[in-house]
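Take a look at the structure set out below.
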Amino acid sequence: MAEMVAGAIFQEGVSRSLSHLLGKRKERTPEGHSEERLEMAVTKLGLALERSVKLPMIDVWLIHRRRMLKRAYDEAANLLLNCKRESLQRDHSSQRWFAQTRKFSILSRLGLFGEGESRLSCSDLARFERFAEWADEFVKDVESGISLWQHHTFRYPLERQLLEGKTLTYEMVKGSQSRRICIWPICSEGRGVEVYLYYSYEDRKMPVTFFDLDLKLRMSACTDIIGTAISCFQYLACQFKIATKLALGEIHELSYLQDRLSHSHAPPLGWNHDAIVYNSKSSRPDPICCTNKVVSSSVSSLRVPEPVVKFDFGWYVSAVEHILPSSTTDEVVGMNSPPLYLEIILWPHSAWGHQKQEIVLEFEGKEEHVDGSVEHMDAILWSKAIEYVVSQPDDVEAEYKVRCTSPHGYAFMCLEKPRVNPTWVRRPGRVISAHARGASIPRPILCHLSNLLRSQLNENVL
């Protein structure tokens, strides 16, 4: 009697165990099938991302959606790699077990050995398949966006030509005056379309009127390139107490020169695509920051239009007009003193690791850190900087640099006294090809970026 009861209990236990194992096997998706579905989702995501690189995106929300798809692609690709790696390890283990004993073969068929629990759950698989469907919709939205702006009425014809991938140039020499203009777009992965504007004006009879402008901004359907440049000049005039009337007049003149701009699909001379993209990413790591509170909560410390990536303006100023009457250097500044070269660069969306607002003064090979913000730079410019520069000997090329750091935004200013020459000549080195030079980023920032890159490489190696 006892043996019958024991046998019945044992049979019931085995039956329940088998039912539990078989039930779990039915709940689980076959592992090979799961990997195939995941791999298909990864290929769909990768195809959508690759196609979007070649398509101009000018909508902030499309750039935001592409970033979400890129994160999902990276996560799914890593999970697929781990699943394949685990499957390969289990295959090797199963072969060793089969060689040792047939017991493991039976247990493997029951689900105790061999397949094991996959790291790929049904919920993860369904999530990545949803992202793959959204990727198809994303590509359609990008393509429909292109067809929309093709029928959109832009304020200036040059904006449509830029979205078509054309490089616009203009060069005029009339008597002592000369103008050089170059505007070209660049489409890089995950950043949409960014436009680069270079404008140079020179009058050899009046060197003080020389200026050159380097403006970079993110393009959108409502972008007003000329209006954005004018807003930046107005900010400079208000913030740094400088005269920008001539530059404003020239920028207004650009709207009348559109019919004279020559265009081609060839990039400008001195073009270095990789260097320009790197410079742009350094200047604005997040291409859609400050656009919307849903996308980003960042706020720039520089009050310039949001699309601006970089604003670089260089021109000559008269020491006689700006030296303070009570200055100790007033006596050494004569009416025939050469003009001073002033360059102001604004990176409104830089994020170079500065935790607080601070002003750094650099002269005579040393640095001085003081508390302050961009609102205090004009006082430093027209007091300390100009007094130091004009007090230096005429045969010495003196310069005074001011940097204003903040958690989001960076301003740089350099006042330079060139050597006295028989004729005043524009500051050399400012040509169109200079857009690709890394020297446009201050040396301390380049060192900071190099350290970040080195640490990331070390992490990847480890």
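Note that these values count all heavy atoms, side chains included, but never hydrogens, waters or copies made by symmetry. The chain is numbered in sequence order, starting from 1.
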Any heavy-atom pair between the side chains of [Y] and [X] that's under 4.5 Å?
X: H376; Y: V374; answer: no
X: V308; Y: L346; answer: no
X: V309; Y: H349; answer: no
X: M40; Y: R37; answer: no
X: T228; Y: I226; answer: no
X: K70; Y: L49; answer: yes
X: L213; Y: Y201; answer: no
X: L361; Y: K366; answer: no

Pair F138-S52, side-chain contact (heavy atoms from CB on, under 4.5 Å): steps then yes or no: CA-CA 9 Å; F138 165 73; S52 64; 3.6 Å; yes
[X] side, atom [atom1]; [Y] side, atom [atom2] - distance, nearest 0.5 Å:
X: S280; Y: R218; atom1: OG; atom2: CZ; result: 11.0 Å
X: E194; Y: C187; atom1: CD; atom2: SG; result: 9.5 Å
X: L342; Y: L415; atom1: CG; atom2: CG; result: 5.5 Å
X: K205; Y: S176; atom1: NZ; atom2: OG; result: 5.0 Å
X: R260; Y: T169; atom1: CZ; atom2: OG1; result: 14.5 Å
X: C83; Y: N78; atom1: SG; atom2: CG; result: 11.0 Å

side-chain contact (heavy atoms from CB on, under 4.5 Å) between V402 and V360, worked out: CA-CA 6 Å; V402 183; V360 182; over 6 Å; no
Over all heavy atoms of both residues, which pair between [X] and [Y] is shortest? Give the atoms and the distance, please.
X: Y235; Y: R303; answer: CD1-O, 3.3 Å
X: G409; Y: S406; answer: O-OG, 2.6 Å
X: A247; Y: F313; answer: CB-CZ, 3.9 Å
X: D378; Y: F240; answer: CB-CA, 3.7 Å
X: A411; Y: M377; answer: CB-SD, 3.8 Å
X: A385; Y: Y400; answer: CB-CD2, 3.5 Å

Derivation and outcome, side-chain contact (heavy atoms from CB on, under 4.5 Å), residues T291 and I288: CA-CA 6 Å; T291 55; I288 57 175; 4.0 Å; yes
Whether [X] and [Y] hold their rings parallel, tilted or perpendicular, with breakpoints at 30° and 60°:
X: F210; Y: Y316; value: tilted
X: F211; Y: F233; value: perpendicular
X: F128; Y: F131; value: tilted

Under a 4.0 Å N-O cut-off, is there an ion pair linking [X] with [Y]?
X: K140; Y: D136; answer: no
X: E399; Y: K401; answer: yes
X: R284; Y: E306; answer: yes
X: E189; Y: R66; answer: yes
X: E143; Y: R51; answer: yes
X: E367; Y: R403; answer: yes
X: D212; Y: R180; answer: no

Criterion side-chain contact (heavy atoms from CB on, under 4.5 Å) on I186 and Y196, from CA distance to verdict: CA-CA 8 Å; I186 180 171; Y196 296 73; 2.9 Å; yes
Contacts of E171 that satisfy salt bridge (charged side-chain N to carboxylate O under 4.0 Å, His left out) - sequence neighbours left out: none
R65 vs D141, salt bridge (Lys or Arg N to Asp or Glu O under 4.0 Å): CA-CA, chis, key distance, verdict: CA-CA 11 Å; R65 284 171 59 186; D141 290 341; 2.7 Å; yes
Audit row: S264, T167, side chain to side chain donor-acceptor pair (under 3.5 Å) steps and yes/no: CA-CA 5 Å; S264 68; T167 298; 5.2 Å; no
Using modelled atom types and a 3.5 Å cut-off, is there a donor and acceptor pairing between side-chain atoms of [X] and backbone atoms of [Y]?
X: R204; Y: S178; result: no
X: K417; Y: Q392; result: yes
X: Q177; Y: V173; result: no

S121 side chain to D124 side chain, donor-acceptor N/O pair below 3.5 angstrom: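 Yes, D124 and S121 have a side-chain donor paired with an acceptor closer than 3.5 Å.
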Side-chain donor-acceptor pair present, T223, S220, cut-off under 3.5 Å: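 Their side chains do contain a donor-acceptor pair, which is all the 3.5 Å distance test asks for.
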Validation row, ring centre W347 to ring centre Y410 under 6.0 Å: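 When the ring centroids of W347 and Y410 are compared, they turn out to be within the sub-6.0 Å range.
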Among D214, L236, I344, side-chain contact (heavy atoms from CB on, under 4.5 Å) partner for F311: L236
Whether over 12 other heavy atoms sit under 6.0 Å from E364 CD: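 It does: E364 CD has more than 12 such atoms within range.
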Candidate list R67, R191, H408, K281, test side-chain hydrogen bond (donor to acceptor under 3.5 Å, both in side chains), partner D286, passing option: R67
